[in-house]
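Okay, structure first, notes after.
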Amino acid sequence: MPEKVHTFFADSDDERVEKTAPPPADDGGRKKKRNKKRKRDEPADHPHVPEGPQDPIEVPEKPVLESQPENVSPAAPVPESKPKSRPQTKSKAKPLNETKTNFSSLREKAKALYETRRKLPIFAHADDIRQKLRDDDVMLLVGETGSGKSTQIPQFLVNEFWCRPTPTKITQDDGTQKEISVGGCIAITQPRRVAAISLARRVAEEMGTPLGSSSPASKVGYSVRFDTSTSPSTRIKFLTEGMLLQEMLHDPWLTRYSAVVVDEVHERGVNVDLVLGFLRNLVSGTKEGRGSVPLKVAVMSATADMESLLGFFREGYSLPSQEQKTKSNGSEAMQSKDGDSRDISVCHIKGRQFPVKTIYSPEPVHDFVDAALKVIFQIHYKEPMPGDILVFLTGQETVEALEHLVNEYAMGMDPALPRIQVLPLFAALPQAAQQRVFAPAPPRTRKVVLSTNIAETSVTVSGMRYVVDCGKAKVKQFRTRLGLDSLLVKPISKSAAIQRKGRAGREAPGQCFRLYTEKDYLALDETNTPEILRCDLSQALLNMKARGVDDIVRFPFLTRPPREALEKALLQLLNIEALDESGSISDVGLHIAKLPLTPTLGRVLLAAADNGVECLSDVIDIISCLSVENIFLNTNSEEKKEAAETARRDLFRREGDHLTMLATAQAYATENTDRKAWAERHLVSHRAMQSVMDVRKQLRMQCRQSKLLPSDDRRTNASREPSPVLILQSFLRGFATNTARLVPDGSYRTVVGNQTVAIHPSSVLFSKKVEAIMYNEFVFTNRSYARGVSAVQMDWVGEALAG
DNA sequence: GAGCACTGC
């Protein structure tokens, strides 16, 4: 396979962007020096983005969520979980005159933003990028932090000739021809919801178009779970990877799209691997379902590891097509037939980062909390203000330990020195406490943020000049053989270390103190282990089966999971009857695949439907609670624990966590005056309960659509008592293998495998002895824990295991 | 006696 283009764009050096910034290039054809070929590609109705000197762009120094265009600051700080999704007043078209006035002010804003855009490192490469995707269907792009790739690439491409809706004909199953329109829209996938939404908002502003469903003329929209905002004129759509997979279940040929841009591939979540596999099949196949209209694919990553992706897509081109029709042609014939579009372009765009000096520990460090403490004060004593410190630790425990130590030492500090403000940051921290890290420090105060790897990708805190990196992180790993997840502290990868270091150089030159030796660094893995090698594959496999990938072994995995892991997942799907004996997907499996749940929880939902509408309704409430992390607030202090016990007394159910969750969800749902106050009174997380209600609403809706629930939404009988037996038996249909019995020594042993398992301290059954338990999660940290636990009877378990 | 980080029509 010829490799036609392999270009590395030399770009400006880090801080000298201004000086070496290339001559302003074209953004979409608005400049004088325009590319002749492009002219006719531009629809006239494209919002006008003028050139020329404009008002200086105000880029507010606000917390920025990562994966946002690195140099873009959203107007608002980190949104409270789902900011605008709650009162859903979507898809309301504005009156025409209002829309009109909006357009002119939107255009003004876009005009102002244009100056910022053209200074982005990627801007000078707009023409090359357009040309590459005209020649080839696949482009790989390495864009370092600050290059502007996520916001600019879709704008570079949206007016290309190949990006228009194309009328074509497809052959239907019955052999008849059907006229359809293919393409017209660009999809850009993101690993996280917030990134998808804020990127869409930013690109809409830059293009001078309203966002999503706010106007029928909107050209930019987004789609994430619980919150989709698009219009009939949407041309650029940001969506989460999961959302694209979901769309592909209904439209396997992606007929709405002319291009899919897969962003942040280096994060390698399991969903992105599936997306890439499906896209490779699409670009290297016959495209019959698209009426032969090509699909352009751009794969973007922040790290330079493009070799494996290049090999991955080349392999797709060199194989005989997955589709039967071209099989006889062989790969060579296909190559000459399709010519250029069978090549793959690679681009490398430098980022815009300030230099960060790396300081290694001269000696190996045994206690990184202690070492971090020393380094923090070393920085504080020696380095000038301003300059906040970001410390990467492994988890809540180490964060809190170091928090106490720093506060203790700071008290004995010379009063003449600037003060120190310590701020913890981890996902389980209540939202209000998380927000504190974004507030600027008081005068003469240095902020020290102690964070888990949440600050590595998900949250960006501004003002950081010093990074302290312990070199470790907790990693979840699914152990196929044991059927349990382990959560262990492991060394991070080089690319994670580089990512952490980069956090010090976003606003000024910085320093990164690595609490490990250079030798240790050099011994680290190059990249993070892809999630597909670390997780239970049953959901991924079910998704593939639901899309007609019969032979899992032949699916193009960017990283192929071990055979054992695939077999385990297939067995699991067989156990819950999602697959039949031949390995084909069953009706049950097809139904489960469409639910936004793990296959096991999906199976439980269907089993509950067999036990009647009331049981299904209750099980939906419980599943909704299980779908969000921890609905109960943490109670670390003895005092708080007692308070919680009292506050939650009326929610507690002796049957276990499932019935307790049901009581909580129903009490919350029936609270009509002040849910927030109710949650606070019961030491229940209001944020988590809002998510629970979102999931519940979605599941109820789907069950009504599939006629499992009656179409009128009235809860059957609010005052009725739930049936614990039916509910728990429904759960056993999915979790029969997640059971353990009490043995004479007072411990629990798993029914399958006879392993010791302890009830997690967060469970209401903690320290209780019952005949047998069923649990949702089996996690190894310091020991094996069962989480999400209920008491069950052994004869139920026997029945469930027998099928 | 304890909770890395994401995510789904």
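Naming convention: chains lettered A, B, ... in sequence-line order (proteins, then strands); numbering from 1 in each chain.
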- Item | Side chain of A/Y785 (C-beta onward), nearest among B/dA5, B/dG8, B/dG1 | B/dG1
- Item | For atom CD of A/Q477 and atom P of B/dC6, their distance in whole Å | 19 Å
- Query: Taking only N and O in the side chain of A/R534, is any of them less than 4.0 Å away from OP1 or OP2 of B/dC4?
  - Reply: no
- What's the CZ-P distance between A/R500 and B/dA5, to the nearest Å? 12 Å
- Can you name the salt bridge (charged side-chain N to carboxylate O under 4.0 Å, His left out) partners of A/K768, sequence neighbours left out? none
- Rounded to whole angstrom units, what separation is found between the CD atom of A/E629 and the P atom of B/dA5? 9 Å
- Task: Consider only side-chain N and O atoms of A/R700 and A/S617, and report whether a donor and an acceptor are under 3.5 Å apart.
- Result: yes
- Of the listed B/dG3, B/dA5, B/dG8, the closest approach to the A/M243 side chain comes from B/dG8
- NA contact type, A/Q698, heavy-atom cut-off 4.0 Å: base, sugar-phosphate, or nothing? sugar-phosphate
- Note on the structure: Checking B/dG1, B/dA2, B/dT7 against the side chain of A/T240 (C-beta onward), the nearest is B/dT7
- Message: If the cut-off is 4.0 Å, is A/S762 near the phosphate of B/dG3, judged by side-chain N/O to OP1 or OP2?
- Response: no
- Query: B/dG3 P sits how many Å from A/R783 CZ, rounded?
  - Reply: 11 Å
- Task: Using a heavy-atom cut-off of under 4.0 Å over every strand shown, decide if A/E397 touches base, sugar-phosphate, or nothing.
- Result: nothing
- For A/I592 and for A/F426, locate the closest nucleotide of DNA chain B by heavy-atom distance; then report the residue assigned to the nucleotide nearer the 5' terminus. A/F426
- Item | Closest nucleotide among B/dC4, B/dG3, B/dG8 to the A/T781 side chain | B/dG3
- When you measure from the side chain of A/K476, which nucleotide among B/dT7, B/dC4, B/dA5 comes out closest? B/dC4
- Which whole-number value in Å describes the distance from A/K768 NZ to B/dG1 C1'? 13 Å
- Aromatic centroids of A/H760 and A/F766 separated by under 6.0 Å: no
- Query: Base, sugar-phosphate, or nothing: which does A/L245 touch, judged by heavy atoms less than 4.0 Å apart?
  - Reply: nothing
- Query: Choosing from B/dA5, B/dG8, B/dG1, which nucleotide comes nearest the side chain of A/P596?
  - Reply: B/dG8
- Message: Regarding A/L487, tell me which of base, sugar-phosphate or nothing describes its non-hydrogen contacts under 4.0 Å with the strands shown.
- Response: base
- Message: For a quick check of understanding: with a heavy-atom distance under 4.0 Å over all strands, which category does A/A427 fall into, base, sugar-phosphate or nothing?
- Response: sugar-phosphate
- Task: Applying salt bridge (charged side-chain N to carboxylate O under 4.0 Å, His left out), name anything that partners A/R500, two or more places apart in sequence or on another chain.
- Result: A/E456, A/D469
- Message: Tell me whether the side-chain N/O atoms of A/S458 come closer than 4.0 Å to OP1 or OP2 in B/dC6.
- Response: yes
- When the ring centroid of A/F368 is compared with that of A/Y516, is the distance short of 6.0 Å? no
- Task: Can you tell me the distance, in whole Å, between the CZ atom of A/R268 and the C1' atom of B/dC6?
- Result: 15 Å
- Have a look at A/V224 and say if it touches a base, only the backbone sugar-phosphate, or nothing, with a 4.0 Å heavy-atom cut-off. sugar-phosphate
- Query: A/I592 versus A/L542: any side-chain heavy-atom pair under 4.5 Å?
  - Reply: yes
- OP1 or OP2 of B/dC6 less than 4.0 angstrom from a side-chain nitrogen or oxygen of A/T457, does that happen here? no
